[in-house]
Protein chains: 2
Amino acid sequence: MTSPAVSSRDLPHPAREEIRLEGVLHALSDPMRLRIVRELATVGQELSCSHFDLPVTKSTTTHHFRVLRESGVIRQIYRGTAKMNGLRTDDLDGLFPGLLDALLDAAGRQAARLGESGL
Amino acid sequence: MTSPAVSSRDLPHPAREEIRLEGVLHALSDPMRLRIVRELATVGQELSCSHFDLPVTKSTTTHHFRVLRESGVIRQIYRGTAKMNGLRTDDLDGLFPGLLDALLDAAGRQAARLGESGL
DNA sequence: ACCGTACTACGATGCCTATCGTACGAGTCG
DNA sequence: CGACTCGTACGATAGGCATCGTAGTACGGT
């Protein structure tokens, strides 16, 4: 079929009210995870885990995605063998209006300032 | 004298350009440190370390203030026996416009949502 | 000089975490 | 079914860190 149904195995996510600012900040304080979130934000759509080419092993990548999910920053859904990742912009904007934009803007400014050419 | 001069012992601070977003986020991801920063922001002026009544020992308090200083969030100056702490709003706003306000607003919203009455 | 206050330095401890490797499960396609 | 891909689970490891207690330093006032 053309639209692969969401697999039965679903992942635990915190409800919007359970998202804690400290957890979000801790999740984003890791360079690898900040990079993931930045890429998700610029692309603006769900991306599979394997889309990211991080300088760590798959195990570590899995770990970082789990931290992002458990802190409420991203939402993960299985779609076939792929695991799609999307930013929880609606929930984050609902809880902390303007925070996500400010964080992404700050990350972008720092990347530009540090002479980063690509992402 | 009425205005106690700044002591000769000065503390190492990162220059504005050395402040890293990840470091700032990590510093603010600790409840105790977020609490300190919130109080500094609401008061709007320098406060001594001893002004804060944190549920940890003095050793731990010193540790938290050092993390905040070394990450570039606060500036610390000795004034007599007291060590005054002030937010580096100018540097942070210069590097990441809107970020500090968004963070403080987010922290305030969460505090209000979680039924915090005091600070 | 002495004392009290404010903060630090150092060592210890227990927990958390970023990382890896290997072995495994779930799904798709031939 | 079998092979392959994607991602997970588990154990190990090394480093970081929040916390404490104790002992010590710097400064101001008496």
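Just so you know, these numbers come straight off a predicted model, no measurement behind them. Proteins get letters first, then strands, A, B, ... in listed order; numbering begins at 1 in each.
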Main chain of A/T62, side chain of A/H64: is a donor-acceptor contact present, judged purely on distance under 3.5 Å?
no
Flag the pair B/D10 / B/Y78 as yes when at least one side-chain heavy-atom distance between them is below 4.5 Å, and no otherwise.
no
Between B/L100 and B/L104, is any pair of side-chain heavy atoms under 4.5 Å apart?
yes
Starting at atom [atom1] of [X], determine the distance to atom [atom2] of [N], rounded to an integer number of angstrom.
X: B/L11; N: D/dA26; atom1: CG; atom2: P; answer: 13 Å
X: B/K58; N: C/dC10; atom1: NZ; atom2: P; answer: 17 Å
X: A/F65; N: D/dC6; atom1: CZ; atom2: P; answer: 14 Å
X: A/I36; N: D/dG7; atom1: CD1; atom2: P; answer: 12 Å
X: A/E22; N: D/dA18; atom1: CD; atom2: C1'; answer: 15 Å
X: B/D30; N: D/dT19; atom1: CG; atom2: P; answer: 6 Å
X: A/H63; N: C/dC16; atom1: NE2; atom2: P; answer: 13 Å
X: B/D10; N: D/dA26; atom1: CG; atom2: C1'; answer: 14 Å

Mind checking B/T62 for me? I need base, sugar-phosphate or nothing, with any heavy atom below 4.0 Å counting as a touch.
base
Describe the nucleic acid contact of A/H26 in one word from base, sugar-phosphate, nothing, applying a heavy-atom distance below 4.0 Å.
sugar-phosphate
So, does [X] get its side chain near the phosphate of [N], meaning an N or O under 4.0 Å from OP1 or OP2?
X: A/S50; N: D/dT5; answer: no
X: B/R66; N: C/dA9; answer: yes
X: B/T81; N: C/dC7; answer: no
X: B/R79; N: C/dA6; answer: no
X: A/H64; N: C/dT17; answer: no

Out of curiosity, does B/L103 fall in the hydrophobic cluster containing B/M32 (side-chain heavy atoms, cut-off under 4.5 Å, transitive links)?
yes
Under a 4.0 Å threshold between the charged nitrogen and the carboxylate oxygen, would A/E46 count as salt-bridged to A/R79?
yes
Check this for me: does the side-chain of A/S59 come within 3.5 Å of the base of C/dG21 through a donor and an acceptor?
yes
